[in-house]
Amino acid sequence: MRQTARIAAVHAALFLALWLASIVFYAAVFATTPTQPLWFGVDVALIGGMLALVYVRREDVGFRSLGPDRFLRIAIISVVAIAAVWLCQRLIPDSNMVALDESNYLMTLREQRIIPDGLLPFNIRWLVPFFAGRWNMLPVADMEAVKAINFGAFVIATAGLMLLLVRLRVRFWLALTLPLFLLSSYFGTYGATNRLVLDPANYALYVLMFHCLLRDEHWPLFSITLFIDALNAEKAVYWIPLFVFVTLLRAGPPWTRGDLIAIAKRTAICLAPTVIYFIVLWTHLKASRLEANLCFENLHLMSFSNLGGKITPNVQMNNFQTLWMPFGPFTIFALLGFIVNSPRWMKPIVLLLIPIFVQAVIACDTDRMLAYSFAVYLPFGYLYLEKFVADVPRALSIPLIGFVAFFVVFGQYVFPIARELHLKLFLGAQGLRMYISAGEILAVGTIVFVHFTFFAQRRSVAPGEHG
């Protein structure tokens, strides 16, 4: 238990140092309101202190899958993550308005308390508003503090996911391509457009919870991270059944009676803090009103078959492509990774898509809800790409992956860059979109066809088996 506490402290120091460094960077580069110079110095000192702790306890840092120069590689991942998130938010303007969600978050921030008679579920999402208000130790305040915290959370999610891929035995250079796909999705673009929502902190904590599931003995770290996420949003409950399934699969099958009793005890201990917290919070907020905005009218669009039906204006974005393919080619890659190259204990992570989908059709906020699915699509997708790179000669595999990355990134950022540079696009916007879509389809299809037709190992077929 003492070793687990040391590991928790060192990793908390590492990720908090990166988060705080990202916030300081945001405050220096993006902030439009006067900064608080004193807190710049305090925060830099805190970053230095946390990095000193990491250095002193470096044997507890882990990440040995990064190799002997793992600290250099962690630094490279950190710099790449900050640069990628900065570039994304530099090219895509912050065009958010203070609407329903944002106004309630800012109310919590400015009143510096959990509002008992407020609007559910917004008043239970208090952790980020408190760090931006009541507990503010940042160079910026109020709305700018929320945006800075979110910037840091995007960096943690990006860097943490790259580290996760390496721990899943994805080769380092391939893991470094992750920001190209991650930040060219709803995850990056919606987050850059609306920087006042609180989801980025959940994104970061989702990645950290995934890290905690990689080793069976780190379940106490999962319990702590789950509880912290519960302070920021009710969406922490999505991970409760996942923990149960992962623990079950690690023990079997088959399962003995002793296995089931041990799993039940561990699950109860692990989840108790979060469950008790939600019960207490619900009691405290019983005077609250619930915001409901259902949009089930076009669920038929989720069907594989074209069933027709009327599309209502508030759910026009809930179409097949958006809901089934939120990360474009990574839907194909993730499915293949699930089948051919993922450990059994990891497969229950796909169940995370069920509450995400339900939330998307309840909240009518499709882009923001589907951004949560990055924790499923990207890891499984990269497990397939790792298998692809292992099977296919490098002279062919690297150009094909670069081909896909080009169309994903180009399609998302060519228009912001053109606006930034006042360029007139060749073929026009619509024509260019058509060619980008065609190129992406061709690139993804080529990867799958070439891999499974020419290079993937196939089961030998006995004579006459097909007859």
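- Distance check: Leu127 CG to Ile114 CD1 gives 9.5 Å after rounding to the nearest 0.5 Å.
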Original post:
Can you check side chain to side chain contact (heavy atoms under 4.5 Å, CB included) on Leu196 and Tyr105, steps first, answer last?
Top reply: CA-CA 8 Å; Leu196 285 177; Tyr105 302 148; over 6 Å; no

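- Separating the OH atom in Tyr377 from the CZ atom in Phe187 is a distance of 15.5 Å, to the nearest 0.5 Å.
- Judged by distance alone, the side chain of Asn123 and the main-chain N or O of Asp117 form no donor-acceptor pair under 3.5 Å.
- Under the rule for a side-chain contact (heavy atoms from CB on, under 4.5 Å), the partners of Trp282 that lie at least two apart in sequence or sit in another chain are Leu120.
- For Tyr277, the side-chain contact (heavy atoms from CB on, under 4.5 Å) partners are Trp126, Phe227, Ala230, Leu231, Leu281, not counting sequence neighbours.
- By the 4.5 Å heavy-atom criterion applied to side chains, Arg73 and Phe63 are not counted as neighbours.
- The number of heavy-atom neighbours closer than 6.0 Å to CD of Glu217, taken from other residues, nucleotides and ligands shown, is above 12.
- Thr247 has its side chain out of reach of Phe222: every pair of non-hydrogen atoms, C-beta onward, lies at least 4.5 Å apart.
- Of the possible donor and acceptor atoms, none in the side chain of Thr193 sits under 3.5 Å from a partner among the backbone N and O of Asp94.
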Subject >> Worked check of side chain to side chain contact (heavy atoms under 4.5 Å, CB included) between Leu138 and Trp39 >> reply: CA-CA 6 Å; Leu138 308 177; Trp39 286 115; 5.9 Å; no

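- Using a 4.5 Å cut-off on side-chain heavy atoms (C-beta onward), Glu102 and Val146 make no contact.
- Because its NZ or CZ atom is not both nearer than 6.0 Å to the ring centre of Phe71 and within 45° of the ring axis, Arg58 does not count as a cation-pi partner of that residue.
- Residue Gly152 comes nearest to Trp19 through the heavy atom pair C-CD1, 3.5 Å, listed as atom of the first residue, atom of the second, then distance.
- Rounded to the nearest 0.5 Å, atoms CZ (Phe338) and CG (Leu383) are 11.5 Å apart.
- A donor-acceptor pair under 3.5 Å is absent between the side-chain atoms of Arg368 and the main chain of Asp199, judged by distance alone.
- Aromatic pair Tyr372/Tyr206: ring centres closer than 6.0 Å.
- Between Phe357 and Ser373, the closest side-chain pair of non-hydrogen atoms is not below 4.5 Å.
- A ring-centre distance under 6.0 Å is not found for Tyr384 and Phe380.
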Original post:
Could you go step by step and tell me if Tyr186 and Tyr190 meet the ring pair (Phe, Tyr, Trp, His ring centres under 6.0 Å) rule?
Top reply: CA-CA 5 Å; Tyr186 303 127; Tyr190 186 87; 8.5 Å; no

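- The existence of a salt bridge linking Glu59 and Arg64 is confirmed by a sub-4.0 Å separation between a basic side-chain nitrogen and an acidic carboxylate oxygen.
- By the 30° and 60° cut-offs, the orientation of the rings of Phe154 relative to Tyr203 is tilted.
- In terms of heavy-atom proximity, Leu221 sits nearest to Ala8 at CD2-CB, 3.3 Å.
- More than 12 heavy atoms of other shown residues, nucleotides or ligands fall within 6.0 angstrom of atom CZ in Arg171.
- Checked against salt bridge (Lys or Arg N to Asp or Glu O under 4.0 Å), Arg433 has no partners two or more places apart in sequence or in another chain.
- Distance CD1/Ile76 to CG/Leu66: 9.5 Å, rounded to 0.5 Å.
- In this structure, Ala132 and Ile149 approach most closely via the heavy-atom pair N-CD1, 3.8 Å.
- Each of Phe330, Phe374, Phe210 was scored for a side-chain contact (heavy atoms from CB on, under 4.5 Å) with Pro379, with one residue passing: Phe210.
- Here the straight-line distance linking atom CD1 of Ile23 with atom CG of Leu18 works out to 10.0 Å at 0.5 Å rounding.
- We find the CZ-CE distance between Arg167 and Met162 to be 15.5 Å, quoted to the nearest 0.5 Å.
- Of all heavy-atom pairs spanning Lys347 and Ser342, the tightest one is NZ-OG, 2.8 Å.
- Between Leu100 and Leu119, the closest side-chain pair of non-hydrogen atoms falls below 4.5 Å.
- Side-chain contact between Leu178 and Val170: absent, with no pair of heavy atoms (C-beta onward) separated by less than 4.5 Å.
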Subject >> From CA spacing to verdict: side chain to side chain contact (heavy atoms under 4.5 Å, CB included), Val408, Glu440 >> reply: CA-CA 7 Å; Val408 169; Glu440 185 181 66; 3.4 Å; yes

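- In summary, the aromatic rings of Phe151 and Trp86 are positioned with their centroids too far apart to meet the 6.0 Å limit.
- Between Tyr26 and Phe30, the distance separating the two ring centers is shorter than 6.0 angstrom.
- Shown here is Arg6, whose CZ atom has more than 12 heavy atoms of other residues, nucleotides or ligands within 6.0 Å.
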Subject >> Working for side chain to side chain contact (heavy atoms under 4.5 Å, CB included), residues Leu214 and Leu168 >> reply: CA-CA 8 Å; Leu214 290 185; Leu168 291 171; 3.8 Å; yes

